[in-house]
Amino acid sequence: MQKKVETVLDGKTLSLEAGWLAKQANGSVVVRQGDTMVLVTATMAASAREGIDFFPLTVDFRERTYAAGRFPGGFLKREARPSDPETLVCRLIDRPIRPMFEDNFKNETQVVCFVISHDQENPADVAAITGASAALLISDIPFHTPVAGARVARDKEGKFLINPTLEQMAESDLNLVMAGTADAITMVEAGAQELDEATMIEALAFGHEHIKEIVKIQVELREMLGKEKAKVEVPEVNTELQDKIVAFLTPGMEKAMQIPGKQDRQDAIDQLKESMKEQFNPEADPDLEAEIKGHFKKVEKEVMRRQTLETQTRVDGRKPDEIRPITCQTGFLPRAHGSSIFTRGETQALVTTTLGTSSDEQRMDTLDFRGSKSFLLHYNFPAFCTGEVKFISGPGRREIGHGMLAERGLAPMLPSRDDFPYTIRIVSDILESNGSSSMASVCGGSLSLMDAGVPVKKAVAGIAMGLIKEQDHIAILSDITGTEDHLGDMDFKVVGTDAGITALQMDIKIDGLTKELMAQALEQARAGRLFILGEMAKALEAPRPQMSKYAPRITTITVPVDKIRDVIGPGGKVIRDIIDKTGVQIDINDSGLVTIASADEAAAEKAIGIIQNLVQDVEVGKIYMGKVKKIMDFGAFVEIFPGTDGLVHISQICDRRIKRVSDEISEGDEIVVKVIDVDRNGKVKLSRKEAMRDEAEAALH
């Protein structure tokens with residue numbers, strides 16, 4: 001039974017349609033705005049997975065290139081592994097819907113989103129968030145609270161726009177993706193051009209008002225097509241055993257939670273866990289093991305939260321708004337173009353900046369964007385940074401997401417390509433982690449850029465905020481540790497300069513965050529950010545005036561478009577010859593912009609000279625030193641500069657009459673010649689005798 005609901009957002013219709021596609025999934029919905037359409041399915045395994053203490057949810061987002069009438073790039077000509085942009089959208093969908101499932105629900109659940117039509121105007125990411133919620137809501141999967149996604153931008157007049165087009169986003173100083181329920185905001189991902197905190201709060205409030213409208217049509221669709229929800233089995237709790245475990249664990253947990261160091265604290269908690277097993281499960285019964293493990297987690301969470309709220313003192317002894325000690329070092333790696341080590345408490349990042357040319361840009365081919373990318377930030381999280389042993393593989397969703405957050409925060413402060421025509425790559429290797437390594441990557445990235453001599457507009461810092469909320473008792477925490485992230489209610493990362501916000505990421509584990517709490521968290525984050533910027537300035541206050549001697553020096557010149565082929569040559573022969581002779585790197589684009597990169601300034605100047613000779617125009621009446629290329633009976637062909645030859649007729653070889661050209665000149669000779677004519681077909685006529693005569697007269701005078 002096909003049903004459709006819709007709402008109008010700022011003059012644009014957003015619709016949800018269900019009941020006729022992918023009917024064997026537990027739930028499926030087609031979301032449409034403009035001609036962009038996303039098919040979203042939600043599927044649940046028939047039974048719960050045994051022996052797990054987590055919710056096995058998988059979210060996949062895939063772009064189908066047929067959606068825009070295109071072929072996929074690459075040799076195979078079919079969609080392959082998800083790209084980084086697709087992976088980032090998977091995270092955008094997962095983060096707001098995961099907290100909405102019941103705690104005891106352990107059936108494997110998969111949400112799959114296919115972009116099946118794309119109009120090159122309306123992005124598909126926020127539509128997929130809404131579609132995921134709607135597909136789950138109308139299914140029998142125990143998902144009860146609808147969430148919706150929305151994007152907020154701002155035009156040149158400062159007016160907020162809901163779900164803007166790609167063209168509108170390109171002109172906006174804000175790109176805010178958010179998700180929420182009818183009551184509160186639950187997820188935020190934003191990039192901005194130094195937006196102040198008050199304006200950001202206004203943007204969030206604006207977006208939430210429209211989210212309420214999208215939630216409303218999801219509820220309408222559920223009333224039309226909704227299935228009866230599956231029952232979630234709630235295990236019986238042995239209250240007697242629970243009370244005994246709580247009484248046994250609480251005193252030791254209270255002591256352990258007061259140990260400042262992460263490793264020492266974890267060792268104490270692990271010892272307490274082993275003591276609990278010996279006391280309550282000496283026979284290692286697997287069923288009992290899972291039960292007492294659940295009680296242990298509850299005690300750990302309850303003690304940490306209670307101590308923080310009652311004493312306003314955190315697990316490592318800090319006050320709620322206190323930042324851990326910070327140390328910064330720049331120029332650590334002698335051969336890297338720029339490097340820094342940023343350490344905050346027990347989180348440490350080694351961050352490097354590498355400068356390259358346009359040939360180092362990353363080629364992108366997505367439904368939203370086809371072109372190249374000249375700023376890259378790659379984040380790595382090896383197992384040793386948390387004292388663990390794991391197989392090293394490619395970057396996962398977490399690494400890609402953290403890297404993009406840091407990249408988004410730093411990008412607004414980079415110089416323009418006209419002023420600094422380099423491709424920039426930052427790599428953040430996390431060496432130690434206890435909370436907010438992505439924000440350490442931002443701080444270290446800013447320092448490494450300045451160490452590399454990149455003329456950034458301002459320094460950028462990042463801070464992670466946390467929240468513990470029990471009824472009316474609230475603690476907003478600055479610079480959270482891993483324990484506070486894991487056991488708290490919020491992970492709110494804020495990136496910016498001393499003037500405003502450049503990136504934002506927020507995830508809420510409770511029902512949502514009010515406008516007042518968000519404003520308080522942003523203001524506390526601002527104070528923390530300014531403190532961190534001050535500590536960074538002690539290490540390096542401004543970009544270095546000179547780049548590393550190992551970094552390429554880039555010079556640009558422009559050649560006429562019709563001369564590009566002369567620089568490249570047949571099959572690239574000419575440009576390869578210049579590169580071989582000078583050792584420089586040369587890139588040339590379709591507009592005639594030639595980029596020459598070399599750490600050797602003399603080599604770059606030599607290459608520029610060769611290119612300028614290649615593209616110069618022949619001037620009638622000008623004298624050149626040319627090279628005899630070919631001797632003929634009627635004269636000689638002389639190359640006056642690379643790629644341009646002219647004919648010296650036998651009558652123009654010298655003043656006296658000669659019978660053979662070879663009597664006067666030979667192939668390979670360098671002779672002076674004068675341009676006496678260029679005909680309409682571009683053929684050049686030269687005279688040796690006139691050139692010699694002009695030189696002689698010049699010498700007399």
Strictly by modelled atom types, are [X] and [Y] linked by a side-chain donor-acceptor pair under 3.5 Å?
X      : Y      : answer
Gln110 : Thr58  : no
Asp10  : His210 : no
Asn26  : Thr43  : no
Asn122 : Gln33  : yes
Thr502 : Gln193 : no
Thr41  : Ser28  : no
Asn107 : Arg49  : no

Might you work through the side-chain hydrogen bond (donor to acceptor under 3.5 Å, both in side chains) test for Ser374 and Glu361, ending with a clear yes or no? CA-CA 5 Å; Ser374 60; Glu361 292 178 352; 4.7 Å; no

Within this structure, what is the CD-CD1 distance for the pair Glu213 and Ile217, rounded to the nearest 0.5 Å?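 Interatomic distance, Glu213 CD to Ile217 CD1, rounded to 0.5 Å: 9.0 Å.
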
About how many Å separate CZ of Phe342 and CE of Met439, when rounded to the nearest 0.5 Å? 10.5 Å

Mind listing the closest non-hydrogen atom pair of [X] and [Y] along with its distance?
X      : Y      : value
Val31  : Gly131 : CG2-CA, 3.3 Å
Ala203 : Leu174 : CB-CD2, 3.7 Å
Val38  : Ala128 : CG1-CB, 4.3 Å
Lys12  : Ile162 : NZ-O, 3.1 Å

Determine, step by step, whether Asp60 and Arg91 satisfy the salt bridge (charged side-chain N to carboxylate O under 4.0 Å, His left out) criterion, reporting the C-alpha distance in whole Å, the side-chain angles of both residues, the deciding distance to 0.1 Å, and the verdict. CA-CA 9 Å; Asp60 288 288; Arg91 282 171 53 85; over 6 Å; no

side-chain hydrogen bond (donor to acceptor under 3.5 Å, both in side chains) between Thr65 and Glu79: does it pass, once the steps are laid out? CA-CA 8 Å; Thr65 53; Glu79 290 84 358; 3.2 Å; yes

Under a 3.5 Å distance rule, please check whether [X] uses its side chain to pair with a backbone N or O of [Y] as donor and acceptor.
X      : Y      : result
Lys229 : Leu137 : yes
Arg370 : Met364 : no
Ser446 : Val460 : yes
Asn434 : Thr347 : no
Lys458 : Asp498 : no
Thr130 : Gly149 : yes
Gln218 : Val147 : yes
Glu202 : Thr199 : no
Glu310 : Gln307 : no
Arg324 : Arg318 : no

Does a side-chain heavy-atom distance below 4.5 Å link [X] with [Y]?
X      : Y      : value
Val8   : Leu14  : no
Met44  : Glu108 : no
Leu166 : Phe369 : no
Lys4   : Leu221 : no
Met100 : Thr181 : yes
Leu57  : Phe101 : yes
Arg62  : Cys113 : no
Ser437 : Phe381 : yes

Less than 4.0 angstrom from a charged side-chain N to a carboxylate O is my criterion; do [X] and [Y] meet it?
X      : Y      : answer
Arg151 : Asp125 : yes
Arg98  : Asp94  : yes
Glu300 : Lys297 : no
Arg314 : Glu484 : yes

Apply the test salt bridge (charged side-chain N to carboxylate O under 4.0 Å, His left out) to residues Asp321 and Lys319: give CA-CA distance (whole Å), side-chain angles for both, the deciding distance (0.1 Å), then the verdict. CA-CA 6 Å; Asp321 61 350; Lys319 295 300 179 185; over 6 Å; no

Among Leu467, Asp491, Ile185, find the one that has a side-chain contact (heavy atoms from CB on, under 4.5 Å) with Met506. Ile185

Go through the steps for Lys373 and Glu407 under the test salt bridge (charged side-chain N to carboxylate O under 4.0 Å, His left out), then give the verdict. CA-CA 12 Å; Lys373 183 178 174 184; Glu407 180 181 304; 2.8 Å; yes

Please determine which of Lys509, Lys469, Arg305 meets the side-chain hydrogen bond (donor to acceptor under 3.5 Å, both in side chains) test together with Asp489.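 Exactly one pass, corresponding to Arg305.
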
Under the criterion side-chain hydrogen bond (donor to acceptor under 3.5 Å, both in side chains), which of Asp368, Asp35, Thr366 is the partner of His118? Asp368

Begin with the C-alpha distance, continue with both residues' side-chain angles, and end with the deciding distance and a verdict on side chain to side chain contact (heavy atoms under 4.5 Å, CB included) for Phe492 and Ile480. CA-CA 10 Å; Phe492 193 0; Ile480 57 174; over 6 Å; no

Starting from the C-alpha separation in whole Å, work towards a yes-or-no answer on side chain to side chain contact (heavy atoms under 4.5 Å, CB included) for Met187 and Met178. CA-CA 5 Å; Met187 187 275 291; Met178 57 188 294; over 6 Å; no

Heavy-atom count around [X] [atom1] within 6.0 Å, excluding the residue itself: above 12?
X      : atom1 : answer
Glu167 : CD    : no
Asp103 : CG    : no
His473 : NE2   : no
Lys298 : NZ    : no

Walk me through whether Leu517 and Ile476 qualify under side chain to side chain contact (heavy atoms under 4.5 Å, CB included). CA-CA 9 Å; Leu517 267 180; Ile476 295 177; 4.0 Å; yes

List the steps and the verdict of side chain to side chain contact (heavy atoms under 4.5 Å, CB included) for Phe55 and Thr109. CA-CA 8 Å; Phe55 172 40; Thr109 304; 3.7 Å; yes

For salt bridge (charged side-chain N to carboxylate O under 4.0 Å, His left out), just list the numbers for Glu189 and Arg408, CA-CA rounded to whole Å, side-chain angles, deciding distance to a tenth of an Å, and then say yes or no. CA-CA 10 Å; Glu189 187 89 34; Arg408 188 182 297 117; 2.7 Å; yes

